[in-house]
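In what follows, a structure is listed as structure tokens, so that the remarks can point back to it.
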2 protein chains.
Amino acid sequence: MSERVATGESAEMYLKAICELMTTDPLVPISSLADRLGISVVSATEMVHRMRDQDLLEHKRYKGVRLTEEGRRGALDIIRRHRLWERFLVDKLKLPWEVSHDLACQLEHATGAEVVEAMATFLGEPTHCPHGNPIPTPDGTMTFRPGLSLETLKPDENCIVLRIRPETNAALSYLASHGMMPGVQVIVKSINAFDHLWTLEIGGQEEILSKAMVSRVVVQLVDDPTEDQEVEKEHV
Amino acid sequence: MSERVATGESAEMYLKAICELMTTDPLVPISSLADRLGISVVSATEMVHRMRDQDLLEHKRYKGVRLTEEGRRGALDIIRRHRLWERFLVDKLKLPWEVSHDLACQLEHATGAEVVEAMATFLGEPTHCPHGNPIPTPDGTMTFRPGLSLETLKPDENCIVLRIRPETNAALSYLASHGMMPGVQVIVKSINAFDHLWTLEIGGQEEILSKAMVSRVVVQLVDDPTEDQEVEKEHV
DNA sequence: ACGAGTTATAAGGTTAACCTTATAATAAAT
DNA sequence: ATTTATTATAAGGTTAACCTTATAACTCGT
Ligand SMILES: [Mn+2]
Ligand SMILES: [Mn+2]
Ligand SMILES: [Mn+2]
Ligand SMILES: [Mn+2]
């Protein structure tokens with residue numbers, strides 16, 4: 001992941017946020033960015049200008065921002081650090097799934113390439129974070145496991161949770177408390193069109209979630225529910 | 001180690017520096033503090049006032065500063081975090097001895113009590129950092145292994161290195177390059193009184209070090225050199 | 001083609017940590 | 001007791017990141 005490109009914790013958080021928002025929107029409105037980072041639009045605009053001057057991003061006026069190649073590499077670098085720390089906190093320190101995200105958000109800014117790469121080796125070069133999201137490689141590649149949003153499913157459909165996205169502490173905690181985590185089997189029981197409530201069977205337990213929460217879950221379909229997870233039968 | 005007492009990375013570094021300097025001097029002159037932290041005396045004075053207002057330290061005018069009980073606990077908390085991270089970096093990530101200090105100096109500010117205590121458990125509750133210095137306990141105790149400064153020894157005396165102190169990256173790197181590290185056997189060959197150069201046998205190799213460097217090494221005497229380290233023969 | 005709503009900029013403030021230069025107060029040594 | 005060196009304070013600056021309020025520019029749906 002070479003040398004540190006962005007200076008300061010703030011810039012790193014901007015890079016990460018933009019990168020994540022770009023998966024939805026190729027051109028990220030500064031308002032979304034400000035919203036995500038919990039700062040004012042004016043402040044976000046100032047920061048965007050500073051980062052534009054450093055060639056970390058492009059800004060199309062009245063449209064939004066897009067990372068440059070340099071910005072993209074910086075963003076993936078930070079995301080790699082973040083997700084490796086999450087793995088460490090969960091796998092080695094046995095800290096809870098939901099808190100690992102926020103703790104990693106501190107650590108990600110305090111570690112250079114040497115430590116991160118040593119961490120990756122120590123952890124056995126993991127490919128995904130505890131929430132199912134891919135860990136970018138040192139050369140700047142990030143490949144998502146193909147999947148579809150749980151909100152596209154219909155009643156009686158059966159699936160396995162791949163990942164939660166985007167990751168925020170609040171959402172992770174909430175979903176975790178309902179048993180929703182990668183690897184768990186989910187069956188759609190019913191969908192209420194009026195108040196957008198989904199009744200799901202999550203790992204055998206019946207749970208009710210809002211459409212907003214359901215939309216953050218990416219899953220992999222299981223063709224026949226009676227056939228006991230054919231998808232998982234890949235020879236190791 | 002309870003709740004975070006100092007706010008900001010800077011205050012944490014001040015606490016740590018004062019605590020370390022207090023082992024030499026019960027009342028630390030602000031000039032020493034400024035020197036150690038590499039900032040101006042005026043800036044250090046400003047910061048000292050801010051910290052005095054937070055009851056982290058007392059300041060005797062024209063004499064120096066001393067940590068309050070609150071400040072002492074904060075300092076030991078940070079030193080604990082620092083030394084546990086050093087152990088992790090060296091033991092688990094196999095990073096070099098000399099660099100671990102600086103890397104830990106970043107990480108120490110990015111970790112709360114939950115992570116640190118989980119780390120301590122993960123590492124098997126180590127009692128000393130890789131440089132031989134004691135790791136404070138969560139309840140705020142720090143006990144040094146009894147030893148004497150290498151500079152108090154006379155020619156032909158034989159000893160085992162206990163620790164390097166104070167820890168700075170430059171000194172650690174330099175000493176490491178001469179084979180000087182905890183556990184190594186050192187024999188004083190000769191001392192040149194004019195230019196204060198010490199000729200030592202460090203782990204079998206003959207090396208020359210300045211008095212300034214020699215004074216940073218704390219050792220444990222080996223009574224009879226021919227008796228092949230009686231001190232090490234403690235039954236495990 | 002216009003007006004409502006979004007987006008950008010201008011202007012002025014705040015805070016924490018730093019800086020330098022200059023002056024005042026005090027301690028220590030002669 | 002006076003000089004010298006150390007220590008403290010005063011005054012004024014800088015930088016990065018934030019803030020609010022107000023105004024200007026633009027987009028888009030009708
Ligand atoms: Mn972060
Ligand atoms: Mn994650
Ligand atoms: Mn530090
Ligand atoms: Mn150490």
Whole angstrom is fine here: how far is it from [atom1] in [X] over to [atom2] in [N]?
{"X": "B:E9", "N": "D:dA17", "atom1": "CD", "atom2": "P", "result": "14 Å"}
{"X": "B:Q54", "N": "C:dA17", "atom1": "CD", "atom2": "C1'", "result": "13 Å"}
{"X": "A:L37", "N": "D:dA17", "atom1": "CG", "atom2": "C1'", "result": "12 Å"}
{"X": "A:M47", "N": "C:dA8", "atom1": "CE", "atom2": "P", "result": "17 Å"}
{"X": "B:L27", "N": "D:dA8", "atom1": "CG", "atom2": "C1'", "result": "15 Å"}

Atom pairs, N/O to N/O, protein against nucleotides 5-7 of chain C, distance under 3.5 Å?
from	atom 1	to	atom 2	distance (Å)
C:dT7	OP2	A:S31	OG	3.1

Donor on one side chain, acceptor on other, A:S149 and A:T152, under 3.5 Å |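 Per modelled atom types, A:S149 and A:T152 side chains form no pair under 3.5 Å.
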
Work out which heavy atom in [X] is nearest to a heavy atom in [Y]; give both atom names and the distance.
{"X": "B:R73", "Y": "B:P138", "answer": "NH2-O, 4.4 Å"}
{"X": "A:G64", "Y": "A:H59", "answer": "O-CD2, 3.4 Å"}
{"X": "A:P126", "Y": "A:I135", "answer": "O-CD1, 3.7 Å"}

Among A:E12, A:E86, A:K16, side-chain contact (heavy atoms from CB on, under 4.5 Å) partner for A:R81 | A:E12

So does A:K92 have more than 12 non-hydrogen atoms from other groups sitting under 6.0 Å from NZ?
-> yes

Parallel, tilted or perpendicular: which fits the ring planes of B:F122 and A:F88, with parallel below 30° and perpendicular above 60°?
->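 The arrangement is perpendicular - the two ring planes meet at more than 60°.
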
Using a cutoff of under 3.5 Å, can you pull out all pairs of nitrogen or oxygen atoms linking the protein to nucleotides 20-22 of chain C, with atom names and distances?
none

Taking only the side-chain nitrogens and oxygens of B:S10, find out if one of them lies under 4.0 Å from OP1 or OP2 of C:dC18.
-> yes

Just to confirm, is there a sub-4.0 Å distance from OP1 or OP2 of D:dT9 to any side-chain nitrogen or oxygen of B:H49?
-> yes

Charged N-O contact under 4.0 Å between A:E117 and A:R80 =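 Counted as a salt bridge, because a side-chain N and a carboxylate O are separated by less than 4.0 Å.
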
